[in-house]
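Scope of the values below: all heavy atoms of this structure, side chains included, with no hydrogens, waters or symmetry mates.
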Protein chains: 2
Amino acid sequence: MSSSEPQDAATTSEVSKKAAKKEAAKLEKLRRRQELAAATAAASNLSVEDDPFAANYGDVPLVELQSKTPVDVNEWTRVEALDDSLANRPVLIRGRTQTIRPVGKKMAFLVIRENGFTVQCLVQAQPDSVSPQMVKFAAALSRESVVDVEGVVSIPAAPIKGATQQVEIQVKKLFCVSRAVPTLPINLEDAARSDVEIEKAIQAGEQLVRVNQDTRLNFRVLDLRTPANQGIFRIQSQVGNVFRQFLLAENFVEIHTPKLIAGSSEGGAAVFRLDYKGHPACLAQSPQLHKQMSICGDFGRVFEIGPVFRAEDSFTHRHLCEFTGLDVEMEIKKHYFEVMDVVDRLFVAMFDSLNQNCKKDLEAVANQYPFEPLKYLRNTLRLTYEEGIQMLKEVGVEIEPFGDLNTEAERKLGQLVLEKYGTEFYILHRYPLAIRPFYTMPCYDNPEYSNSFDVFIRGEEIISGAQRVHIPEFLEQRAQACGIEVKTISTYIDSFRYGAPPHGGFGVGLERVVMLFCGLNNIRKTSLYPRDPQRIAP
Amino acid sequence: MSSSEPQDAATTSEVSKKAAKKEAAKLEKLRRRQELAAATAAASNLSVEDDPFAANYGDVPLVELQSKTPVDVNEWTRVEALDDSLANRPVLIRGRTQTIRPVGKKMAFLVIRENGFTVQCLVQAQPDSVSPQMVKFAAALSRESVVDVEGVVSIPAAPIKGATQQVEIQVKKLFCVSRAVPTLPINLEDAARSDVEIEKAIQAGEQLVRVNQDTRLNFRVLDLRTPANQGIFRIQSQVGNVFRQFLLAENFVEIHTPKLIAGSSEGGAAVFRLDYKGHPACLAQSPQLHKQMSICGDFGRVFEIGPVFRAEDSFTHRHLCEFTGLDVEMEIKKHYFEVMDVVDRLFVAMFDSLNQNCKKDLEAVANQYPFEPLKYLRNTLRLTYEEGIQMLKEVGVEIEPFGDLNTEAERKLGQLVLEKYGTEFYILHRYPLAIRPFYTMPCYDNPEYSNSFDVFIRGEEIISGAQRVHIPEFLEQRAQACGIEVKTISTYIDSFRYGAPPHGGFGVGLERVVMLFCGLNNIRKTSLYPRDPQRIAP
């Protein structure tokens, strides 16, 4: 439950229009500096003309990058595959110049990175092939440029510290495929640094650059290249994959419901409105209505992975205006526990899979943002809402019996559950009806409670689910009671008039799953290009 | 290449506001008729009171459907599993009353449908258990209601024609879980009927109801229950599944890019605009810009499945305002053929998988909308655009050498390719630059052509792809040349300033793949809840 940048949310929330202007001015300055540096770099590349080995290096001309020559991609060796089995063999690799270190005028070390793996390359002047001009060309490369390196694999006497691969390439040819600007707005080294390292340096009297969340997001394309971010989004991809494979194996059908809908989605203020060919429309706040309609359409069990839109003004560490919803809806025979059973098995399978199949990625995340592996049980703990608030009461936290838990109470309960049951993943069910959406089925024995549940990871909610009202007259009545204009959702309610099986479902936020599984402190870290009330770029 | 309802697009395009009003009036009338019928049905259920076996049938009270009793879902047998191995065994099934046929006052046949499988059930008065009132209750059920049936499996002497399962259930108990309105706006039998059958009837002097496309969509929830539609959306689910599994196995990472973007997406008039917290924004016309940025972010190979939005006014059989995009972007070493290689292998694998794993679903589609299996080669045919227009020229169809193919020319070329090469799936590449988006890489040898391709199924385009311009200065120049305000896409162009590998990719419309693989004539048939310029409901 570590959180390495606790001030993030607060810091970013202070970004104002003034700050945005300042940022723009800074960017403009940076742009000018970059242009100047590029010009200087170009000028220093001029002495190549009378080099007999000039064909062995240089910038690849545009025409060569315009699909001039079809190639066998296997001519390139992946950096990941470079090991001592390739000793003395010629190889061609493509990657980025992560670091460039000239040693005098006759030697330069490059570290080349591809897909998170790095290898050290030595450009050393040789009378028969490598000219001092080529060394100069190598030394003048800008970091993060894309290069093709041809050379011979050698085994170094001592272990290499600055690269993942324990071989070195003796460079014979070096071509720059795409040159990065000489002065990057973020140094990758800085962006990849953990807070632990920064704190240590401070204690040692040193100062290391800390890249704040907003700067990262402004230059997201660079920020994404850090090992932690590469890990985060590969984990995210795997979460989606496990979710789908699990459900497909259990006879769920993947559906795609419309994001453009007439009326006002599920109601409330938090919708983005727009004009649809002269008709008022909005962006779906979730696939709720259409996934239920698909149950009425006899698909039995459905799921969807897609964007959901919330125009909320919440500027917290865990809210976004657009995120990826993992949604499930299924027929049940009798009881909402049937839905919770799917949640239980699905998420235990997911956590198991992440721990088994994403080791390297989890490690990369933990290196920058240390966290403890998630504690979860083989059979997920289920507590009723009443039991939950009773546990809180026992430690002096009073909750309105039919009110909601605030974030603080949720965290506290998470702590209590962890102490008592040894799990950071559990289900709280039988919520008060008043705090659930209109389509939630009330309990059979007490209509102040509902057949609903939330699921928590590390004290934060990630899943909401429930049995739904499948009887149209009752649904209409519930909508009215919740202040929803029934007319605006008539196609939805009408869907239940043609025979509707009892059903239930749940929704999960993909970004939250990754954030909480990895104990991260801000949902912006797990959204590729986050959208919040103050950010719609890049 | 059959098309069973060629008039569809034309018919629907004539829907006007007047027609909508008429439709509304019709619906209101229907509603009143339904209410009356429901009241009558309720009244006819009254004689139950002095039935000693009254506990064996009836409507399940609401309270029993509110998660009162947790159950083992295995108590229910799936209709699909009903066969002679269960002879003389008691079973409980849940399904819809597809047909209800009373025979006198002492007997009624029900056909119960679950997940596309059907079984005949006999409710017959028995002195010791089944009362005439229960038979009356069964006979009065409305079609499409959801029921629980308890009974004993028996093996009929003669084959059963009206059901998929070759056993009969002797009903002991019958409970209605959810009652459909007595008069449905569409009869499933009518909705499931093929045009072939309708034409045959006409020739025999009979008249059968034909449900037109617009009516189907108005009552989509009922329409979706036909075998053909059940098949179509299960095939759609499988297309997405194969797409992802193939790409994940080849080291692609699944990403989720924002649909809410500042500025105007890729330009042009066809964007939905909206207000984003006081800033002008729009819905992404494709993940193009962000998927390319993710390549700059070093993910190497990415894909996305998500909605794309087009505010176009095209009212054709193949355009939608919102559809599901399958998008791919990948680093290439040198040549756009590397992208085409992925397209080739991916789609051959997909077609193979559909033919192997979706037999039942394809059959269900073909029963209503007859089509021939897609003809495709093990190695996909590749023709240049020049070769394509030459083929057309030879049969007298003149195309502007740097213009575009219209729909008619595409179809004609598809026909010629089928005749000459025996395939309905092929790639046309090296398109004129002028008709491709600004980010398309021109050809090395002739800047009037581009490193791009389209892919066709049965003469219609389903995929567009290309190598992209990865050099920021050149990209800026191309954008300007295409009349795009560079300022509005500056974050995109800036992404290439930090070193950008050569790359390319493609986009596919999920609905089109399913439509054309199944030889369907209208994309509205393969979109769950289609959105076109005249439809934003249900």
Side-chain angles (χ1 to χ4, degrees), chain A residues 63 65-71 73 96 115 144-146 178 180-181 221-222 224-225 234 237 240 253-256 258-260 262 272 274 276-277 281 290 293 296-298 300 307 322 324 333-337 441 444 451 467 491 495 497-502 528-529 531 533 536-538, chain B residues 63 65-71 73 96 115 144-146 178 180-181 221-222 224-225 234 237 240 253-256 258-260 262 272 274 276-277 281 290 293 296-298 300 307 322 324 333-337 441 444 451 467 491 495 497-502 528-529 531 533 536-538:
Chain A
V63 67
L65 299 172
Q66 287 183 286
S67 298
K68 189 177 174 191
T69 333
V71 286
V73 296
R96 290 190 188 275
N115 193 17
E144 294 298 309
S145 295
V146 179
S178 167
V181 289
V221 158
L222 273 164
L224 287 174
R225 297 180 193 167
R234 285 184 161 82
S237 178
V253 177
E254 181 172 19
I255 58 170
H256 302 278
K259 306 309 156 203
L260 287 167
F272 287 106
L274 74 160
Y276 186 89
K277 305 282 167 192
H290 285 92
M293 286 158 69
C296 296
D298 268 6
E322 178 179 348
T324 306
K333 295 300 183 200
K334 287 253 169 171
H335 204 284
Y336 70 102
F337 279 12
M441 182 67 95
Y444 73 98
N451 296 332
Q467 183 187 0
T491 52
S495 304
R497 300 192 198 277
Y498 315 125
L528 202 52
Y529 305 99
R531 296 294 182 251
I536 191 176
Chain B
V63 67
L65 299 172
Q66 288 182 287
S67 298
K68 189 177 174 190
T69 332
V71 285
V73 294
R96 289 190 188 275
N115 192 18
E144 295 297 309
S145 294
V146 179
S178 168
V181 288
V221 157
L222 274 165
L224 288 173
R225 296 179 194 168
R234 287 185 159 83
S237 178
V253 177
E254 180 172 19
I255 58 171
H256 301 279
K259 306 309 155 203
L260 287 166
F272 287 106
L274 75 161
Y276 186 89
K277 305 281 166 194
H290 285 92
M293 287 159 69
C296 296
D298 268 5
E322 178 180 348
T324 305
K333 295 300 182 199
K334 288 252 167 170
H335 204 285
Y336 70 102
F337 279 13
M441 182 68 95
Y444 74 100
N451 296 331
Q467 182 187 1
T491 52
S495 303
R497 299 191 199 280
Y498 315 127
L528 202 50
Y529 305 99
R531 297 294 183 249
I536 191 175

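- A 4.5 Å side-chain heavy-atom check between Gln66(A) and Asn451(B) finds at least one atom pair inside the cut-off.
- For Asp298(B) against Arg96(A), the heavy-atom pair with the smallest separation is OD1-NE, 2.7 Å.
- Distance OH/Tyr444(B) to NE2/His335(B): 7.5 Å, rounded to 0.5 Å.
- Atoms CE and SG, from Met293(A) and Cys296(A) in turn, are 8.0 Å apart once rounded to the nearest 0.5 Å.
- Of the listed residues (Leu260(B), Val63(B), Val253(B)), the one with the most heavy-atom contacts under 4.5 Å to chain A is Leu260(B).
- The greatest number of non-hydrogen atom pairs below 4.5 Å with chain B, out of Ala500(A), Gly240(A), Pro538(A), Gly499(A), is found for Gly499(A).
- Checking side-chain atoms of Glu144(B) against main-chain N and O of Leu222(B) turns up no donor-acceptor pair under 3.5 Å.
- Among Val146(B), Ile255(B), Val221(B), Thr324(B), the residue with the largest count of heavy-atom pairs under 4.5 Å with chain A is Val221(B).
- The OH atom of Tyr529(B) lies 15.0 Å from the CD1 atom of Ile536(B); values are rounded to the nearest 0.5 Å.
- Residue contact with chain A, scored on non-hydrogen atoms closer than 4.5 Å, involves the side chain of Glu322(B) exclusively.
- Contact of Met441(A) with chain B is made through the side chain alone, with heavy-atom distances under 4.5 Å.
- Counting heavy-atom pairs closer than 4.5 Å to chain B, the top-ranked of the candidates Ser495(A), Gly300(A), Gly297(A), Pro533(A) is Gly297(A).
- Interface residue Thr491(B): only side-chain heavy atoms are found under 4.5 Å from chain A.
- Comparing Glu254(A), His256(A), Lys334(A), Arg225(A) by how many heavy-atom pairs each has under 4.5 Å with chain B, the most go to Arg225(A).
- With chain B as the partner, the residue from Ser145(A), Pro502(A), Ala180(A) showing the most heavy-atom pairs under 4.5 Å is Ala180(A).
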